[in-house]
Structure formats: C-alpha cells, structure tokens
Q: 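Next up is a structure, given as structure tokens.
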Protein chains: 2
Amino acid sequence: MTAPPTVPPEPGRPDRSAAVKARIRGSARERFNRDGFEATGIRDIAADAGVNPALVIRHFRSKEHLFIETVGADASWGDVLDGPLDQIGARAVRAILDGHRHGHRAFGAIVRASGRPDIHATLKNSITRQLSEPLEAALPGPDAALRAHLFCAQFIGLMVALSVYDDEYLQTAPAESIIARYGEALQRTLAPQHP
Amino acid sequence: MTAPPTVPPEPGRPDRSAAVKARIRGSARERFNRDGFEATGIRDIAADAGVNPALVIRHFRSKEHLFIETVGADASWGDVLDGPLDQIGARAVRAILDGHRHGHRAFGAIVRASGRPDIHATLKNSITRQLSEPLEAALPGPDAALRAHLFCAQFIGLMVALSVYDDEYLQTAPAESIIARYGEALQRTLAPQHP
DNA sequence: GTCTATAACGTGATAGAC
DNA sequence: GTCTATCACGTTATAGAC
C-alpha cells in the first residue's frame, strides 16, 4: 500500500535475507487468509516458514504490519473499473463471484480484522483509492459522488455477504442469476436519473 | 439475543448479584461500542463497574460471551420488516441512517470482532433470523430466496459503509438523497421482475 | 556489520484455591 | 467475591554466526 514490497533497503547489495522474507510472507498470506488475523500466531507463521518467531517481527515490524503487507496487498479491485461504464454492474458482480469461488478470502480477512486501526485504514484506503475516487471521476452527470459512494456500498455488501457473514444461499446460488439481478441493481445506482 | 437481560435465575430471592451484573453489562456495552472488542479489556470494564476483574469472568463466562450478551443483543432490525412491503426500501435506509446518527455502533463493533467464531455466529444468526428468513417468507412470486438474500447484502452494504469502513461522504450526505436512491435500489431488488 | 537464534518481558484472558 | 497462578501471545534484549 505504501512501499513496494520486495525492494531491499539498500539496492546495491543483494540482501541475503530476501528469501527468508519471501518464505515468511508466503506462510503468513496462507495462514491469514485461511484462519484470520487473530487465530494466526506469529509462532504458527514462523513454524510454517521454518524460521525463528523473532525473525518475523524483526523483518516486518509487527504482526499487523505483516498482515497489511500480505493480505492487505491482495485486496485489489482495480480491474473492475476497466471497461465500458455501462456494463460495470455485471462485471463487478462477476469479479466478486469469481474471486470468491477461486478461494480469494482476503477481503473477509481484512474486514474481520478491521478492529485494528492500521488494518481499518488499509481497508478504507483500498476502497477509496481503488473504487470511490476513480468511479466518481469517471461518472458524468450530477450527483456523481453520491452515486459512486452508494455503488461502493452496494458492491461491498455483496462481498460481505459472501465472505464475512457467509451467506450460504448466495455462496451456492447460480452465478448468472446473481449477476443478472445484482449487476442490474449496481448499474442503476450509477445512472444519473432514476426512472 | 437468547435470554432476557435482567431476570434473576431464581425469582424467589432478590439475587444480590443482579445489580452487579447489570453494572458490568452497562460498562461493557459502553466500552465495547465505543472502543471495540479488542481495545476493551476485562480490567477496563471491571474498573468502570467498580468490581473485581475476576468477577466479570465469573458472572459471564468470557469476554466474548459478555460481548455477545451486550452488544450482540443490540443488533436488531426486527422493526424494519414491520409495515408495507412496497415501502420497505426507504424504511430500511431511513432506519440505518437514523440508527447511525443516533450513535448506534453495535453493528460496526460486531463486524469488526467477527473474527471470533462465536461473534461471527451471532452476526450470521442475526441477519438470518431477523432479515433473510422473514423477508423470504413474506415475498410473493418466484425467486423469493434470491431476492431476499440480495436485499440483505445490499442492506448490509450500507451499514458497512457507514460503520465499518467509515465512508465519510455517506456519513455526512443529506439523508433524503440517500434514502431516495438507495431505498429505491433496495425496493427494486425485491421486485419479482426487473423491467 | 548484517542476519539469525535463544531467552526473557509485559500483558491479557481465564481457572482454581481460599 | 477476591486473590493469585497459569498459560498464550506479541514483542524485545542480547548475544552468537556468517
């Protein structure tokens, strides 16, 4: 979110510990996504990566920082906005469903951990930078801000249903029926006039 | 959520500890709603209530259980479904905005703490029992389940925007503009046919 | 001088003895 | 009801290995 992930502090040298950091990142990402922030301990991550627990903190500043650098970086919806604006509703819903069915659990993990101040900030920034702001800028007509923000609320609502409170009906319902209905609802939220 | 809040186990005796339990509940509710589950310690609650920390655990089984009995019980949207179905969209949005502007932070606190299994179950049950199921039963026409669940997703989305990721635009925008747009969107999600 | 391992510290929730 | 012990956790201090 703030700094590039894998750049060593001093680019001149190869940074011998890069491999260890990568292993820790990998273990952390898997654990955090599967078990959540709380249920995952530093010692668990360290054991998976085959390193000493203290190393995890030494390389990443804290457990929270490690979470943000791994899971937080996975929460991206940049490509939803690519493409024609008049089909963004269906495209957004399809992206959410595809992501969920391919096992992307980052969003749920972030929301469930958003009691932590820095993780909350990460969540808020992701939505603002990647969704609200570019969408608002792209919208023609009056009330662009209102429409963009309501679109986001609606968009996030489906993600929360699937990966935060685990709505089993929506998790297993045919994708096309959800895309048709919810996609259209999203699309109408973006329309300047409601007929 | 499960049991009435202030009924003593044996109605014959006055149950001297009832007052203490009530004080603990009051302190817990305030702290949890204001600072969240994690940032609130058992010692903080006990200090506010003027009791010994160990007593909190003795009366309520755990911090998580205490949270569910206080904040969890505040998450109720039963009255949203009361009234004519053809105006439920606007009514739901108005209820959300009113609740938020009156300082009801229960939903945000629950979502942010839903990493804990029991709190997650509380959240899921609240939505299912109070929204999805009664709504689905009340809906005429085909696809009742799909429409009810998508309505819930949309409904929850606005709550999440206001009290989880703190969308400052929606928090301060004129209520009527949100009610008009989002209320209509909710209403259309319930319609059997999308025109 | 940079990376890693060992051993502790502080804190928080919780359980059991009194 | 209260006191105290226990256990797990994130984190840090310190010192050894390259």
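Order of the sequence lines sets the chain letters (A, B, ...), proteins ahead of strands, with each chain counted from 1.
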Q: Distance check needed: D:dA8 P versus B:Glu38 CD, whole Å only.
A: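 It is 20 Å, rounded to the nearest whole Å.
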Q: Per the salt bridge (charged side-chain N to carboxylate O under 4.0 Å, His left out) rule, what does the pair list look like for residues 31-59 of chain B, sequence neighbours excluded?
A: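 Listed once each, the pairs are A:Arg116-B:Glu38, B:Glu30-B:Arg34, B:Arg31-B:Asp35, B:Arg31-B:Asp48.
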Q: Can you work out whether A:Arg58 or A:Arg43 has the more 5'-proximal nearest nucleotide on DNA chain C?
A: A:Arg58
Q: How many Å lie between CG on B:Leu66 and C1' on C:dT14, as a whole number?
A: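 Rounded to whole Å, this separation is 14 Å.
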Q: I want to verify a distance call: between D:dT11, C:dT6, D:dC3, whose nearest atom is closest to the A:Ala54 side chain?
A: C:dT6
Q: Describe the nucleic acid contact of A:Val20 in one word from base, sugar-phosphate, nothing, applying a heavy-atom distance below 4.0 Å.
A: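 Sugar-phosphate contact only.
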Q: Figure out the CZ/C1' separation between B:Phe60 and C:dA15, and round it to whole Å.
A: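 Whole-Å distance recorded here is 18 Å.
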Q: Just one of A:His149, A:Glu184, A:Gln154 clears the side-chain hydrogen bond (donor to acceptor under 3.5 Å, both in side chains) bar with A:Thr189, so which one?
A: A:Gln154
Q: Expressed as a whole number of angstroms, how long is the span from B:Asp44:CG to C:dA13:P?
A: 8 Å
Q: Testing the basics here: between A:Ile88 and A:Gln187, what is the closest heavy-atom pair and its distance to 0.1 Å?
A: N-OE1, 3.2 Å
Q: Can you check the A:Ile45 CD1 to D:dT11 P distance for me, whole Å?
A: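 Spelled out: CD1 on A:Ile45 to P on D:dT11 is 11 Å.
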Q: Heavy atoms under 4.0 Å, any strand shown: does B:His65 hit a base, just sugar-phosphate, or nothing?
A: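 B:His65: no heavy atom of the nucleic acid under 4.0 Å.
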Q: Identify the heavy atoms of B:Ala161 and B:Leu170 that sit nearest to each other, and give their distance.
A: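 Smallest interatomic distance, heavy atoms only, reads CB-CD1, 3.9 Å.
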Q: For B:Phe67 and C:dT14, what is the distance between atoms CZ and C1' respectively, to the nearest whole Å?
A: 19 Å
Q: Could you tell me how far apart A:Ile42 (CD1) and D:dC9 (C1') are, to the nearest whole angstrom?
A: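 Answer to the nearest Å: 9 Å.
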Q: Give a yes/no on whether any side-chain N or O of B:Arg61 is located under 4.0 angstrom from OP1 or OP2 of C:dT14.
A: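 Result: no.
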Q: Atom CG of A:Leu55 and atom C1' of D:dG16: how far apart are they, to the nearest Å?
A: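 These atoms are roughly 13 Å apart.
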